J.: 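Before we start, here is the structure in question, set down as structure tokens.
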Amino acid sequence: MPNWGGGAKCAACERTVYHAEEIQCNGRSFHKPCFICMACRKGLDSTTVAAHESEIYCKTCYGKKYGPKGYGYGQGAGALSSDPPSENMDIQPQQPKPQGPSTTSNPSKFAQKFGGCDHCSRCSKAVYAAEKIIGAGKTWHKMCFRCALCGKSLESTTVTDKDGEIYCKVCYAKNFGPKGRGLGNPGMMEEKE
């Protein structure tokens, strides 16, 4: 028998879901107010839902219930140890890394694919894809891609480089550009009579 004017049944409350209020997940229909986590009752959307068979959860509750368990996954106090290291263990304190420009500008494809990342040429911290700019053959954070002298934010059309450092065109011209008569050097200008 045809379903005149009605919709599918809500997977949570089993009442009719009309098209204007329908949310679909795993081939099932829900009312907007019924589209909630089965554990914590938090409202869900397409970016926060995690489905398991006929149940829906927020990603946090899904991880607690069906995620990996054991040492290293932070599933309670058992993953942490507050005991001091024993005397016979040869544990050396880590020496701080020197802060300087990174020489790794093009890591292997293996490192890129499996979690390795570039390091910023200015601050030496990790640069992830969302904040990455490549200029002068090196990798930079968007916020670190600035003139070394005046601090002006740079773009691909305004950047110049010298000896591994980047500059705006104005600072580069003032400090490394040609000098002499007729090139903007006031000491070398002729006086007009």
Side-chain angles (χ1 to χ4, degrees), residues 1-83 85 94 97 101-146 153-159 166:
M1 188 165 184
N3 188 1
W4 303 101
K9 296 290 183 190
C10 176
C13 71
E14 298 181 3
R15 286 186 259 160
T16 303
V17 180
Y18 296 98
H19 184 69
E21 60 184 356
E22 180 180 29
I23 295 178
Q24 290 190 343
C25 179
N26 273 3
R28 298 173 328 147
S29 297
F30 294 88
H31 293 104
K32 287 180 185 178
C34 294
F35 196 59
I36 57 176
C37 175
M38 295 192 72
C40 69
R41 313 296 289 167
K42 187 186 314 179
L44 302 172
D45 63 30
S46 63
T47 62
T48 59
V49 68
H52 183 77
E53 295 173 356
S54 64
E55 301 171 330
I56 57 173
Y57 298 94
C58 66
K59 289 185 178 182
T60 304
C61 292
Y62 179 87
K64 287 177 183 175
K65 189 166 184 169
Y66 299 107
K69 307 240 184 316
Y71 184 76
Y73 290 102
Q75 293 291 324
L80 303 174
S81 175
S82 60
D83 297 334
Q94 267 190 328
K97 290 184 178 181
S102 171
T103 56
T104 310
S105 63
N106 190 11
S108 70
K109 289 191 182 233
F110 179 84
Q112 289 175 351
K113 186 173 183 182
F114 294 104
C117 60
D118 295 329
H119 293 277
C120 178
S121 297
R122 174 81 25 94
C123 70
S124 300
K125 293 182 181 174
V127 179
Y128 298 99
E131 57 188 1
K132 182 180 191 177
I133 291 182
I134 298 177
K138 295 183 177 184
T139 304
W140 309 83
H141 289 107
K142 288 178 184 176
M143 294 303 296
C144 294
F145 197 63
R146 297 181 171 277
S153 184
L154 300 173
E155 297 177 1
S156 62
T157 57
T158 60
V159 68
I166 55 174

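It should be emphasised that the depicted structure is a prediction, and the values quoted were computed from it without experimental measurement.
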J.: For the residue pair Cys25 and Val49, what are the closest heavy atoms and their distance?
T.: SG-CG2, 4.1 Å
J.: To the nearest 0.5 Å, how far apart are CD in Glu21 and NE2 in His31?
T.: 4.0 Å
J.: Going from CG on Asn26 to CD on Glu53, what distance comes out if it is rounded to the nearest 0.5 angstrom?
T.: 10.5 Å
J.: May I have the step-by-step check of side chain to side chain contact (heavy atoms under 4.5 Å, CB included) for Trp140 and Ile166, ending in yes or no?
T.: CA-CA 10 Å; Trp140 309 83; Ile166 55 174; 3.7 Å; yes
J.: Quick one: does Thr16's side chain get under 4.5 Å of Lys9's, heavy atoms only?
T.: yes
J.: Please verify the inter-ring angle class for Tyr66 with His52; under 30° counts as parallel, over 60° as perpendicular, anything in between as tilted.
T.: parallel
J.: Out of curiosity, Leu154 CG to Cys144 SG, how far, rounded to the nearest 0.5 Å?
T.: 11.5 Å
J.: Please name the pair of heavy atoms, one in Asp45 and one in Thr47, separated by the smallest distance, quoted to 0.1 Å.
T.: OD1-OG1, 2.6 Å
J.: For residues Cys58 and Cys37, report the shortest heavy-atom separation together with the two atoms involved.
T.: N-SG, 3.3 Å
J.: Rounded to the nearest 0.5 Å, what's the gap from CD1 on Ile133 to OG1 on Thr139? Could you check?
T.: 10.5 Å
J.: Can you see which heavy atom on His141 is nearest to which on Lys125, and at what distance?
T.: CE1-O, 3.7 Å
J.: Looking only at heavy atoms, what is the nearest atom pair of Lys142 and Ala130, with distance?
T.: NZ-O, 3.4 Å
J.: Measure across His119 and Val127 and return the closest heavy-atom pair with its distance rounded to 0.1 Å.
T.: C-CG2, 3.9 Å
J.: How many angstroms lie between atom OH of Tyr18 and atom SG of Cys10, to the nearest 0.5 angstrom?
T.: 12.5 Å
J.: Working to the nearest 0.5 angstrom, can you tell me the gap between Met38 CE and Cys61 SG?
T.: 11.5 Å
J.: Do the side chains of Glu131 and Cys120 get nearer than 4.5 Å, heavy atoms only?
T.: no
J.: Assess the residue pair Ile56 and Phe30 against the criterion (side chain to side chain contact (heavy atoms under 4.5 Å, CB included)); give the C-alpha distance rounded to whole Å, side-chain angles, the decisive distance to 0.1 Å, and a yes or no.
T.: CA-CA 11 Å; Ile56 57 173; Phe30 294 88; 3.9 Å; yes
J.: Side chains of Arg122 and Met143, heavy atoms from C-beta outward: is any pair under 4.5 Å?
T.: no
